[in-house]
Every structure is written in C-alpha cells, then in structure tokens.
**Q** 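Mind looking over this structure? Questions follow.
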Amino acid sequence: MPNCPKCSKPVYFVEEAKALGKTWHKTCLKCTSCKKTLTPGNFSDKENQPYCNPCYQKNFGASGYRAGAGAGAANSYQWNKK
Ligand SMILES: [Zn+2]
Ligand SMILES: [Zn+2]
C-alpha cells in the first residue's frame with residue numbers, strides 16, 4: 001500500500017488520488033497556496049508541490065511558465081521554412 005506524500009500515512013484504494021507520480025489521499029491533494037481540494041489532472045505543480053491553476057498562474061505565471069520553450073519552437077519552425 002502506498003504512503004501519502006503529504007501525511008505519510010497509507011492510502012487505501014477508495015481514497016486514493018494519483019498525482020505527480022504518487023498516490024495521495026483525495027483529502028491531502030490540496031493547493032499548496034490556497035488549500036483548495038484538487039482533482040488529478042486538473043492542477044499544476046511546481047517542485048512536486050501541487051497548486052490549483054489560478055494560484056500557479058498567480059505565483060509562477062509571469063516568470064518560468066514555458067513561454068521560452070514556446071517561443072523557441074516558433075522560431076525553429078520559421079527557420080525550417082526558409
Ligand atoms: Zn494523506
Ligand atoms: Zn490555489
């Protein structure tokens with residue numbers, strides 16, 4: 001039985017929520033910032049801490065939000081077309 005990364009207690013099948021490659025209690029999978037309960041697949045993460053999407057945008061949206069990767073891909077596309 002896997003242990004919850006948040007409270008370190010065993011997670012029973014009926015209360016499990018898989019996220020970030022780990023098995024959490026549904027009740028332990030909460031936004032690190034606002035404590036809102038999260039659903040697997042409907043949140044973002046930063047350094048293995050889960051955040052709801054609004055909090056992620058608010059806390060990390062401006063800087064490291066993969067904007068660089070997107071711009072790089074667009075540039076190489078242009079480059080290949082030439
Ligand atoms: Zn837990
Ligand atoms: Zn939040």
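Everything quoted here is computed from the prediction, not taken from an experiment. Atoms considered below: every heavy atom in the structure, side chains included; atoms not considered: hydrogens, waters and symmetry mates. Counting starts at 1 for both ligands and their atoms, following the listed order. All residue numbers refer to positions in the sequence shown, counting from 1.
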**Q** Provide the atom name of the closest N, O or S atom of H25 relative to the Zn ion (ligand 1).
**A** ND1
**Q** State, to 0.1 Å, how close T23 and K18 come at their nearest heavy-atom pair, and which atoms those are.
**A** OG1-CE, 3.8 Å
**Q** Rounded to the nearest 0.5 Å, what separation is found between the NZ atom of K26 and the SG atom of C4?
**A** 13.0 Å
**Q** How far apart are the closest heavy atoms of Y56 and D45, and which atoms are they?
**A** CE1-O, 3.4 Å
**Q** Once rounded to 10 degrees, what value does the angle at the Zn ion (ligand 2) take between SG (C52) and SG (C34)?
**A** 110°
**Q** Test of geometry: compute the angle SG(C28)-the Zn ion (ligand 1)-SG(C7) and round it to 10°.
**A** 110°
**Q** Check whether H25 reaches the backbone of P10 with its side chain - one donor and one acceptor, N or O, closer than 3.5 Å.
**A** yes
